[in-house]
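To keep things clear, I will list the structure first and then write my remarks on it.
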Amino acid sequence: MSRNLFPFASRFSTGSSSCSMSIVVLSVVGCLLMLHLYSLVSQPYIQNKEIHAGMSSHPLLLKLEAVEEENIKMPRQRRHSPRSAKRKPRHTTTLIDEFLDESSPIRHIFFPDMKTAIDPNKDAGNDSLYYYPGKIWLDTEGNPIQAHGGGVLFDERSRTYYWYGEYKDGPTYHAHKRGAARVDIMGVGCYSSKDLWTWKNEGIVLAAEGKNETHDLHKLNVLERPKVIYNDKTGEYVMWMHIDNANYTKASVGVAVSDSPTGPFYYLYSKRPHGFDSRDMTIFKDDDGVAYIIYSSEDNSDLHIGPLTEDYLDVTSVMKRILVGKHREAPALFKHGGIYYMITSGCTGWAPNKALAHAAKSILGPWNTLGNPCIGGNEVVRFTTFFSQSTYVLPFPRLPGLFIFMADRWNPANLRDSRYVWLPLTVGGTANQRPLEYNFGSPLWSRVAIYWHKRWMLPDIWRKKK
Ligand code: DGJ
């Protein structure tokens, strides 16, 4: 006699057909249970959740994960003369139009003026150590920091942070009528800090070449997104960067080296890695000391990733295509709980667009796309990555799960006045937050979230734990 474990089945059948129905349902449930168990065992979610739960118990981290809304009021539609109104159909401006319009009456919201600059020299009182994404950020000499498209290296030897980026303190112009806005190469700027807030200008550590027009670093070329890593075996600081000509057809990477984090860096050469065009790029040093290059290639349609040689001075023959056909750039790679994560942007020149978070168990792929990691602000703020573009994600090895998301708020009309958007990025999320992706009802990847804050600071425990 067979007992019907699934009474609802008997409504549709009786006798032996009821028995086979039960077997089918039981098998399906069994399979689903197996899949659920497999996903729990095989993916890092639980592990990360535990680490993160510990972190989240700190009230200051909870504060960083608070969702902060932003209410940006659109200006009233500007008046057009009756004649121009006849000529053009009326166009409703959006917040993105306002951001891109140099003469917008709400420009100060996106590009606050010098009066509101973050100045570590001033007795900032209660504002000390606070990040204000988008405000002008001054160095210890009182000048706006010039480190665009940059990255931060923590130098274990001096226990100091070094921020490297494009030094763009020159006039913006267009080399050709339809060419992108540009600033001549000046070099790579370097700033040092112990607290990640007070930055001392260490000067231009890789300078442009003034005379030799055939040199990669001749001022009329392009040098973007420099990143520096330290090679423990050779004791050298190695810089990789995007090298191009003014119309972005050289599409190469450049390599420079120094025995000191503050340079001067010695420029070695440029090449097309693995024989392919390479535009936006970054490098990533893994826990085992192997370093990788990740670059937008095949006309920005794919990303390529591959290990560097042991001395970090070249690529190897290994290369994998990832996010194929997804048209992503501005990659910023980081690791947490044994899983690799990456933030990328879309390809819209200097204009902001939607970020995506990706994750992979192996750095060479396959990579999964998790979704837009931006939280808070409003829909437009989230859709434009807080009006900025990713450049680097800075880890705090002693505070697992917390990172600083570093991005550039480009000002194409005046690139030297582009701003920095630094925001907390967490992996794991608090227990009551749902991860971005589901696999048969159970999460496959941890949640990657970047939280909008007008004003925020790192938890105090970070300073004590250093
Ligand atoms: C977007 C890239 O991410 C930037 O680094 C720069 O190359 C601009 N495009 C130029 O339009």
Side-chain angles (χ1 to χ4, degrees), residues 52 55-56 58-74 94-100 104 106-112 116-118 127 129-137 196-197 330 332 334 341-346 348 351-358 370-396 399 401-411 418-430 432-436 446-459 462:
H52 199 85
M55 291 273 302
S56 291
H58 197 284
L60 269 170
L61 196 73
L62 284 177
K63 225 172 168 179
L64 298 184
E65 289 184 324
V67 178
E68 197 174 305
E69 301 289 334
E70 189 68 54
N71 182 15
I72 305 176
K73 284 215 178 85
M74 284 287 288
T94 64
L95 206 48
I96 302 180
D97 295 327
E98 294 299 337
F99 173 78
L100 295 172
S104 165
I106 58 168
R107 182 109 180 129
H108 60 280
I109 293 179
F110 310 112
F111 295 96
T116 68
I118 307 168
D127 261 358
L129 299 173
Y130 272 96
Y131 299 112
Y132 283 88
K135 282 191 177 178
I136 293 173
W137 196 347
L196 287 171
W197 189 75
F334 56 105
Y341 296 93
M342 184 162 50
I343 308 291
T344 62
S345 78
T348 53
N353 57 53
K354 188 173 85 174
L356 288 177
H358 316 270
L370 308 181
N372 183 355
C374 301
I375 296 198
N378 61 37
E379 229 183 311
V380 182
V381 169
R382 287 191 293 276
F383 186 82
T384 57
T385 321
F386 320 107
F387 299 102
S388 68
Q389 187 185 30
S390 45
T391 183
Y392 196 73
V393 174
L394 176 65
F396 295 96
L399 293 179
L402 176 66
F403 299 80
I404 294 185
F405 170 69
M406 293 170 52
D408 296 286
R409 181 172 292 172
W410 299 113
N411 178 351
S418 298
R419 308 295 173 86
Y420 310 103
V421 171
W422 286 26
L423 287 168
L425 179 155
T426 62
V427 183
T430 47
N432 60 356
Q433 286 172 329
R434 292 180 346 148
L436 291 169
S446 293
R447 178 193 175 95
V448 176
I450 306 168
Y451 293 88
W452 168 250
H453 292 289
K454 237 185 180 135
R455 168 190 196 267
W456 70 283
M457 72 188 290
L458 285 165
W462 171 69

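Each residue takes its place number in the sequence, starting with 1. The figures that follow rest on heavy atoms only: side chains count, while hydrogens, waters and symmetry mates do not.
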Any donor-acceptor pair under 3.5 Å linking the side chain of [X] with the backbone of [Y]?
{"X": "Thr391", "Y": "Met406", "value": "no"}
{"X": "Trp410", "Y": "Ala351", "value": "no"}
{"X": "Thr344", "Y": "Ala330", "value": "no"}
{"X": "Thr385", "Y": "Asn353", "value": "yes"}
{"X": "Asn372", "Y": "Arg382", "value": "yes"}
{"X": "His453", "Y": "Leu64", "value": "yes"}

>> Using ring centroids (six-membered ring only for Trp), state whether Tyr451 and Phe386 fall under 6.0 Å.
In response: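 Here the rings of Tyr451 and Phe386 have centres that are no less than 6.0 Å from each other.
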Spacing of [atom1] belonging to [X] relative to [atom2] belonging to [Y], to within rounding of 0.5 Å:
{"X": "Leu370", "Y": "Arg447", "atom1": "CG", "atom2": "CZ", "result": "11.0 Å"}
{"X": "Arg455", "Y": "Tyr132", "atom1": "CZ", "atom2": "OH", "result": "4.0 Å"}
{"X": "Phe405", "Y": "Cys374", "atom1": "CZ", "atom2": "SG", "result": "6.0 Å"}
{"X": "Ile343", "Y": "Phe334", "atom1": "CD1", "atom2": "CZ", "result": "4.5 Å"}
{"X": "Met74", "Y": "Ile106", "atom1": "CE", "atom2": "CD1", "result": "6.0 Å"}

How about [X] and [Y]: do any of their side-chain heavy atoms sit closer than 4.5 Å?
{"X": "Ser390", "Y": "Met342", "result": "no"}
{"X": "Tyr420", "Y": "Ile118", "result": "no"}
{"X": "Thr94", "Y": "Val380", "result": "no"}
{"X": "Asp408", "Y": "Ser418", "result": "no"}
{"X": "Leu129", "Y": "Leu458", "result": "no"}
{"X": "Ile109", "Y": "Glu70", "result": "no"}
{"X": "Trp452", "Y": "Asn378", "result": "no"}

Nearest heavy atoms of [X] and [Y], plus distance in Å:
{"X": "Ser388", "Y": "Ala407", "answer": "OG-CB, 3.3 Å"}
{"X": "Trp137", "Y": "Leu196", "answer": "CZ2-O, 3.9 Å"}
{"X": "Pro373", "Y": "Val448", "answer": "CB-O, 3.4 Å"}
{"X": "Pro352", "Y": "Leu100", "answer": "CD-CD2, 4.3 Å"}
{"X": "Phe387", "Y": "Arg409", "answer": "O-CG, 3.0 Å"}

> Any idea how Phe110 and Phe99 line up, ring-wise: parallel (<30°), tilted (30 to 60°), or perpendicular (>60°)?
Replying inline: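 Rings of Phe110 and Phe99: perpendicular, over 60°.
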> Are the charged groups of Glu68 and Lys454 less than 4.0 angstrom apart, N to O?
Replying inline: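 No.
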> Which is it for Arg107 and Asn411 under the side-chain contact (heavy atoms from CB on, under 4.5 Å) test, yes or no, and what are the steps along the way?
Replying inline: CA-CA 11 Å; Arg107 182 109 180 129; Asn411 178 351; 3.0 Å; yes
> Hey, mind stepping through Tyr131 and Ile404 against side-chain contact (heavy atoms from CB on, under 4.5 Å) and telling me if it holds?
Replying inline: CA-CA 11 Å; Tyr131 299 112; Ile404 294 185; 4.2 Å; yes
>> Please check if the number of heavy atoms outside Glu69 that lie under 6.0 Å from its CD is greater than 12.
In response: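 Correct, the count exceeds 12.
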> So with a 6.0 Å cut-off around CZ of Phe396, is the heavy-atom count from everything else above 12?
Replying inline: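 It does: Phe396 CZ has more than 12 such atoms within range.
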